[in-house]
Amino acid sequence: KEFLVEISGTTVTITCPLTEGSIKWRLTGMKEVTSERKYVIENHDSSPTNVSCSTDEKKYEMYLNARVCTNCEELDALAVTGIITADLLITFGVLILVYYFSKDRKGRASAGAGSRPRGQKVQRPPPVPNPDYEPIRKGQREVYAGLESRGF
């Protein structure tokens, strides 16, 4: 069996696993208190403390290290899911807009800082052919006729 701890603002509510009998609560630095199954700590200061609840027969102990704050907002799972979904939709929308607006600019020359203005295109002469790899011409087939494939 385990303790049930609920935190809301600066209020901490602890439920003891014991169900019957008179329950005695003991916290570090405080005197023993007899109360119901639930023990409420108002204005908790987030300091760690040892908590125990006991009857005449059984005793349960736990170490409480609960962080509380005065101006915290509690969000349920639906609100968190909505926030994440909205964020993803906005992100994908921006990506699609950037894609479509940048697609039109691919063919244009940019006038950025590193670019230089281009004049007419200067045609380069064709590369010098390598004599070792000349294509076979119609009149020279007999030069290559003596070459046969080697069997490996």
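Just so it is clear, the model here is predicted, and its values are computed rather than measured.
Within the 4.5 Å cutoff, the side chain of Ser54 has no heavy atoms near those of the Tyr60 side chain. Using a 4.5 Å heavy-atom cutoff, the side chains of Leu64 and Asn50 are not in contact.
Applying the disulfide bond (SG atoms under 2.5 Å apart) rule to pairs touching residues 10-60 yields Cys16-Cys53, sequence neighbours excluded. Identified under the salt bridge (charged side-chain N to carboxylate O under 4.0 Å, His left out) test for residues 57-66, with sequence neighbours left out: Lys59-Glu61.
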Apply side chain to side chain contact (heavy atoms under 4.5 Å, CB included) to residues Leu4 and Lys38 and explain how you reach the verdict. CA-CA 9 Å; Leu4 175 66; Lys38 289 189 177 186; 5.9 Å; no

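Of all heavy-atom pairs between Leu27 and Tyr39, the closest is CD1-CE2, 3.5 Å. Between Asn65 and Ser46, the shortest heavy-atom distance links the atoms OD1-O, 4.3 Å. Scanning both residues, Arg37 and Trp25, for their nearest heavy atoms gives O-CZ2, 3.2 Å.
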Could you give the side-chain donor-acceptor pairs of residues 79-91 under 3.5 Å, partners two or more places apart or in another chain?
residue: Thr81; atom: OG1; partner: Ala77; partner atom: O; Å: 2.8
residue: Thr85; atom: OG1; partner: Thr81; partner atom: O; Å: 2.8
residue: Thr91; atom: OG1; partner: Asp87; partner atom: O; Å: 2.8

Would you be so kind as to tabulate the donor-acceptor pairs closer than 3.5 Å made by side chains of residues 6-15, with sequence neighbours excluded?
residue: Ser8; atom: OG; partner: Glu74; partner atom: OE2; Å: 3.3
residue: Thr10; atom: OG1; partner: Asn43; partner atom: OD1; Å: 3.4
residue: Thr11; atom: OG1; partner: Glu42; partner atom: OE1; Å: 3.4

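Put simply, CZ on Phe101 and CD1 on Ile96 are 12.5 Å apart, with the number rounded to the nearest 0.5 Å. Between the OH atom of Tyr100 and the CG atom of Leu95 there is a distance of 12.5 Å, given to the nearest 0.5 Å.
Take Arg26 and apply the salt bridge (Lys or Arg N to Asp or Glu O under 4.0 Å) test, not counting sequence neighbours, and it matches Glu32. Considering only residues two or more places apart in sequence or on other chains, Thr70 meets the side chain to side chain donor-acceptor pair (under 3.5 Å) condition with none of them.
Leu75 and Val68 are assigned to two separate hydrophobic clusters, defined by single-linkage of ILVMFWY side chains at heavy-atom distances under 4.5 Å.
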